[in-house]
There are 2 protein chains.
Amino acid sequence: MSSKTVMKALNILEMFSIHKPCWGLRELANELEMSHTIVHRLLTTFTEKGYLFKNPDTQKYELGIKFLELSNVVEENLKISEIIHPIMKKVALESGESIVLTLLDQDEGVFMKIVESDRQVRFAESIGKRSPLYKGASHKVILANLPEDHQGGIIQQGIDSKAEEIESVSVFLQRLAIIKQQGWAYTSGETIHEVGAISAPLFDYQNQVLGSLSVAGPAYRLEESNIEMTATILMKYCLELSAVLSKVVFPTRRNYLFEKL
Amino acid sequence: MSSKTVMKALNILEMFSIHKPCWGLRELANELEMSHTIVHRLLTTFTEKGYLFKNPDTQKYELGIKFLELSNVVEENLKISEIIHPIMKKVALESGESIVLTLLDQDEGVFMKIVESDRQVRFAESIGKRSPLYKGASHKVILANLPEDHQGGIIQQGIDSKAEEIESVSVFLQRLAIIKQQGWAYTSGETIHEVGAISAPLFDYQNQVLGSLSVAGPAYRLEESNIEMTATILMKYCLELSAVLSKVVFPTRRNYLFEKL
DNA sequence: AACTATTGGTTCGATTATAGAACCGGAAGG
DNA sequence: CCTTCCGGTTCTATAATCGAACCAATAGTT
């Protein structure tokens with residue numbers, strides 16, 4: 001059993017996004033179809049604690065500095081700045097493209113960290129973006145390395161929501177098998193228009209997939225260049241990274257949703 | 001009036017720090033002197049929503065990926081990655097030392113972002129650290145540029161907690177006046193042992209201090225080098241940064257605590 | 001200037017979610 | 001085998017929450 005009050009409170013927090021970072025009291029209450037009284041109480045609570053910040057000029061609320069504080073603890077837990085980030089930089093230099101760290105969370109993939117290349121394309125907007133595992137190289141390479149009994153449920157979700165990536169279950173499973181066997185995936189434009197990606201999986205100390213690293217760039221540039229060579233470099237670093245991560249005991253951040261079924 | 005339930009919930013979150021990132025249920029309940037039943041309910045709520053993650057091996061809880069997602073929204077709001085970070089990198093290159101971004105929040109200073117130099121000293125641990133404004137160059141330079149009626153309250157807090165930095169109010173105020181006038185502050189070892197810092201203030205679109213930028217490094221290296229020259233460079237960039245920030249409307253994240261008194 | 005429609009914020013009694021003692025089943029230790 | 005810890009659950013008196021009705025202030029309209 002979970003706390004209804006806190007649940008409502010957290011729902012409020014989730015309304016603050018890159019695309020809508022500032023909310024007025026009434027505006028937010030209407031959107032959530034909640035009484036403005038309770039939204040007000042929750043907003044003040046968060047503000048008192050530093051999780052929200054009330055802009056004194058506009059009277060509107062936005063996310064507070066507390067999230068920067070706590071995110072730093074998470075980064076430290078995940079050894080992101082210490083271990084993962086340096087390797088991402090290396091790959092970025094060698095490939096000249098942006099490198100994306102995707103992590104498996106619940107039954108979705110989340111874009112967690114991006115090292116930008118000097119070149120045009122910027123992905124910063126995409127950080128935090130969640131999407132199902134059947135879409136895009138970074139996600140598919142995770143799905144491909146998941147235990148087979150987990151794959152079924154996720155693919156079923158894709159069929160239920162009529163994902164165009166899955167024409168037939170058997171063909172899709174075959175593709176996943178190939179991805180798992182060769183150790184990397186390539187797609188173009190599946191998650192972001194005109195952006196291609198080459199991805200390789202990361203494993204934890206129990207050899208469970210915990211995420212992936214991707215070389216991402218404009219589709220035309222990745223097509224012209226040697227995809228297989230880039231994939232080989234990427235895989236080398238992913239293996240190296242997995243080896244280090246397995247030593248610091250870095251558990252896969254997965255909820256065993258499908259085990260319960 | 002704020003929500004007691006959510007307040008308790010947020011108190012739980014704050015127990016997760018860099019120094020103690022993993023908590024067991026009972027352990028946490030004892031520490032907070034709360035019934036383990038309610039702690040359990042709150043932990044499950046947070047876990048369901050992705051704010052906490054239960055390590056399936058140890059059964060212990062740690063902060064979840066949600067904080068990385070939301071912190072990215074905050075960074076975008078504050079234009080950190082877009083505007084502030086690039087300038088920090090520039091200063092880091094020119095000075096060869098680490099650059100620290102401190103923000104004013106409530107009536108404290110928070111180390112928000114650190115660009116590490118290639119050299120030995122690492123400050124990553126300090127990110128998110130809060131401390132009162134009378135301690136350390138990065139914080140003092142903020143205090144010095146605060147309205148005088150705000151300064152009084154903060155200095156009083158310092159005296160109440162017997163801060164060794166304040167021997168006498170009048171001398172301390174004089175020092176602050178000098179810092180404000182010359183535009184930068186220098187201290188050594190006040191916040192972190194054997195670490196010195198040169199700091200200059202940042203202002204928002206209404207010319208209120210919103211934080212500071214600091215060049216930080218081992219005390220001996222900052223002493224031997226030319227402090228004034230480093231300060232001049234730093235001030236130049238801080239002015240540049242303030243000018244840009246004032247255009248994007250970046251409000252000072254301050255609660256007007258002392259106005260209410 | 002008066003009227004209306006917003007806004008953020010507050011009050012207070014009926015309702016409902018919460019708090020916490022007592023409980024379970026498992027694991028670790030003696 | 002017993003004890004003690006652990007994470008997790010159940011149940012009801014009780015305390016916190018909910019929300020209609022309420023301010024006061026601001027902005028736009030007539």
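In what follows, chains are A, B, ... by sequence order, proteins preceding strands, each numbered from 1.
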*Mind running side chain to side chain contact (heavy atoms under 4.5 Å, CB included) on B:His139 and B:Phe111 for me, showing each step along the way?*
CA-CA 10 Å; B:His139 290 52; B:Phe111 290 152; 3.5 Å; yes

_Can you tell whether the side chains of B:Glu14 and A:Lys66 come within less than 4.0 Å, N to carboxylate O?_
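Yes.
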
*Is any NZ, NE, NH1 or NH2 atom of the basic residue among B:Arg130 and B:Asp105 found under 4.0 Å from an Asp or Glu carboxylate oxygen of the other?*
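Yes, this pair counts.
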
*Name every residue in residues 36-44 of chain A that has at least one heavy atom under 4.0 Å from any atom of DNA chain C, in order of residue number, or write none if there are no such residues.*
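Close to the strand are A:His36, A:Thr37, A:His40.
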
*From C:dG8, C:dA19, C:dA17, pick the nucleotide closest to the side chain of A:Gln59?*
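So the nucleotide nearest the side chain must be C:dG8.
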
*Let me know, please, whether A:Asn30 or A:Val6 comes out on the 5' side of the other along DNA chain C by nearest nucleotide.*
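Upstream on the strand: A:Asn30.
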
*With nearest nucleotides of DNA chain C determined for A:Glu27 and A:Lys4 from heavy-atom distances, which residue corresponds to the more 5′ nucleotide?*
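The 5'-side residue here is A:Glu27.
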
Check whether any side-chain heavy atom of [X] lies under 4.5 Å from a side-chain heavy atom of [Y], and answer yes or no.
X: A:Leu143; Y: A:Phe172; value: yes
X: A:Ile99; Y: A:Ile87; value: no
X: A:Leu210; Y: A:Leu104; value: no
X: B:Thr102; Y: B:Leu202; value: no
X: A:Ile154; Y: A:Leu146; value: yes

Could you give the [atom1]-to-[atom2] distance, from [X] to [N], as a whole number of Å?
X: A:Trp23; N: C:dG9; atom1: CH2; atom2: P; result: 17 Å
X: A:Leu28; N: C:dG8; atom1: CG; atom2: C1'; result: 13 Å
X: B:Leu25; N: C:dG26; atom1: CG; atom2: C1'; result: 15 Å
X: B:Arg26; N: C:dG26; atom1: CZ; atom2: P; result: 16 Å

_Outermost DNA chain D nucleotides near chain B [under 4.0 Å, heavy atoms]_ =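 It runs D:dC6 to D:dT17.
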
*Which residue pairs satisfy the salt bridge (charged side-chain N to carboxylate O under 4.0 Å, His left out) criterion with at least one member in residues 27-46 of chain A, sequence neighbours excluded?*
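Qualifying pairs: A:Lys20-A:Glu27, A:Glu27-A:Lys60.
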
*OP1 or OP2 of C:dG9 less than 4.0 angstrom from a side-chain nitrogen or oxygen of A:Lys54, does that happen here?*
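Yes.
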
_Applying a 4.0 Å non-hydrogen cut-off, can you work out what A:Lys8 is touching in the nucleic acid: base, sugar-phosphate, or nothing?_
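If one applies the 4.0 Å heavy-atom cut-off, A:Lys8 turns out to touch the sugar-phosphate alone, with no base involved.
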
*Scan A:Ser35 against the nucleic acid and name what it touches under 4.0 Å (heavy atoms): base, sugar-phosphate only, or nothing.*
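Base contact.
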
